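This report refers to the structure that appears directly beneath it.
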Amino acid sequence: MAVFDATMTLRGYADQWGEVAFGPGQDGACSDANAALGVEDGSAVCLGGEGGYLIVSFAGVDCIAEGDLIQTFELGTEAEPYDLLVGPTASATDVNWVACASGASGPTQCTVPALPQL
């Protein structure tokens with residue numbers, strides 16, 4: 001699940017997912033992408049390791065901008081690092097994704113870096 005916080009006051013939770021893909025380790029367990037949405041509640045999506053991804057968007061947030069704070073919950077474990085990328089669209093094929101956190105594990109937060117202008 002992701003929560004978006006730009007000024008240390010809550011601006012919104014991930015409210016919909018756009019794309020999901022599962023890696024080779026996904027065995028059918030916790031494969032409902034809707035578990036990543038809304039208030040943190042202990043549910044999770046298992047992406048199945050390398051190659052798995054989930055793209056979410058945020059309610060009431062027109063755009064993510066440099067300096068915004070992204071927090072993630074329910075992602076990875078100490079043994080399963082993940083990368084957190086941000087971008088201007090909800091498409092995995094968009095070439096404008098920018099790394100916000102690389103090799104993160106468990107809950108993490110990152111400050112959005114400068115994003116490409118479209």
Side-chain angles (χ1 to χ4, degrees):
M1 175 183 302
V3 61
F4 182 70
D5 181 345
T7 61
M8 302 311 284
T9 58
L10 187 64
R11 285 183 57 190
Y13 291 97
D15 72 325
Q16 68 182 37
W17 57 271
E19 292 183 39
V20 64
F22 298 105
Q26 185 16 282
D27 61 5
C30 59
S31 60
D32 181 3
N34 291 311
L37 306 179
V39 178
E40 193 279 321
D41 61 3
S43 61
V45 179
C46 302
L47 296 177
E50 190 72 31
Y53 65 86
L54 175 65
I55 299 174
V56 297
S57 60
F58 301 92
V61 177
D62 292 331
C63 65
I64 294 173
E66 181 178 1
D68 289 340
L69 181 69
I70 301 285
Q71 263 183 288
T72 60
F73 301 95
E74 303 173 8
L75 286 174
T77 66
E78 293 302 320
E80 297 177 1
Y82 62 91
D83 297 330
L84 177 60
L85 296 107
V86 294
T89 69
S91 171
T93 58
D94 190 316
V95 297
N96 294 301
W97 290 98
V98 176
C100 190
S102 297
S105 59
T108 195
Q109 65 181 18
C110 67
T111 302
V112 174
L115 297 172
Q117 297 296 317
L118 297 181

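Treat the numbers as computed from the prediction; the structure is a model and nothing was measured. Residues: numbered from 1 along the sequence shown.
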Determine, step by step, whether L47 and V20 satisfy the side-chain contact (heavy atoms from CB on, under 4.5 Å) criterion, reporting the C-alpha distance in whole Å, the side-chain angles of both residues, the deciding distance to 0.1 Å, and the verdict.
CA-CA 8 Å; L47 296 177; V20 64; 4.1 Å; yes
Should W97 and D83 be marked as a side-chain contact (heavy atoms from CB on, under 4.5 Å) after you check the CA-CA gap, both sets of side-chain angles, and the distance that decides it?
CA-CA 11 Å; W97 290 98; D83 297 330; over 6 Å; no
Can a donor-acceptor pair be found, under 3.5 Å and without considering hydrogens, that links the side chain of D68 to the backbone of A65?
yes
So if you build clusters from Ile, Leu, Val, Met, Phe, Trp, Tyr with side-chain heavy-atom gaps below 4.5 Å, do L115 and L85 land together?
no
Is there a path from V86 to I55 through hydrophobic residues (I, L, V, M, F, W, Y) whose side chains come within less than 4.5 Å of each other?
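The answer is no; the residues belong to distinct hydrophobic clusters.
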Kindly write out the residues that satisfy side-chain contact (heavy atoms from CB on, under 4.5 Å) with C110, not counting sequence neighbours, or none if the list is empty.
I70, L84, C100, A101
For T111, which residues count as a side-chain contact (heavy atoms from CB on, under 4.5 Å) partner, sequence neighbours excluded?
L69
Residue set satisfying side-chain hydrogen bond (donor to acceptor under 3.5 Å, both in side chains) with E19, at least two apart, ordered chain then number -> Y53
Only counting residues at least two apart or in another chain, list the ones meeting side-chain hydrogen bond (donor to acceptor under 3.5 Å, both in side chains) with N34.
W17, D32
Which heavy atom of [X] sits nearest to which heavy atom of [Y], and what is that distance?
X   : Y   : answer
E50 : P24 : O-CD, 3.2 Å
V45 : A35 : CG2-CB, 4.0 Å
N96 : D94 : N-OD1, 2.6 Å

Residues T108 and Y82: side-chain donor-acceptor under 3.5 angstrom:
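The answer is no; no qualifying pair exists.
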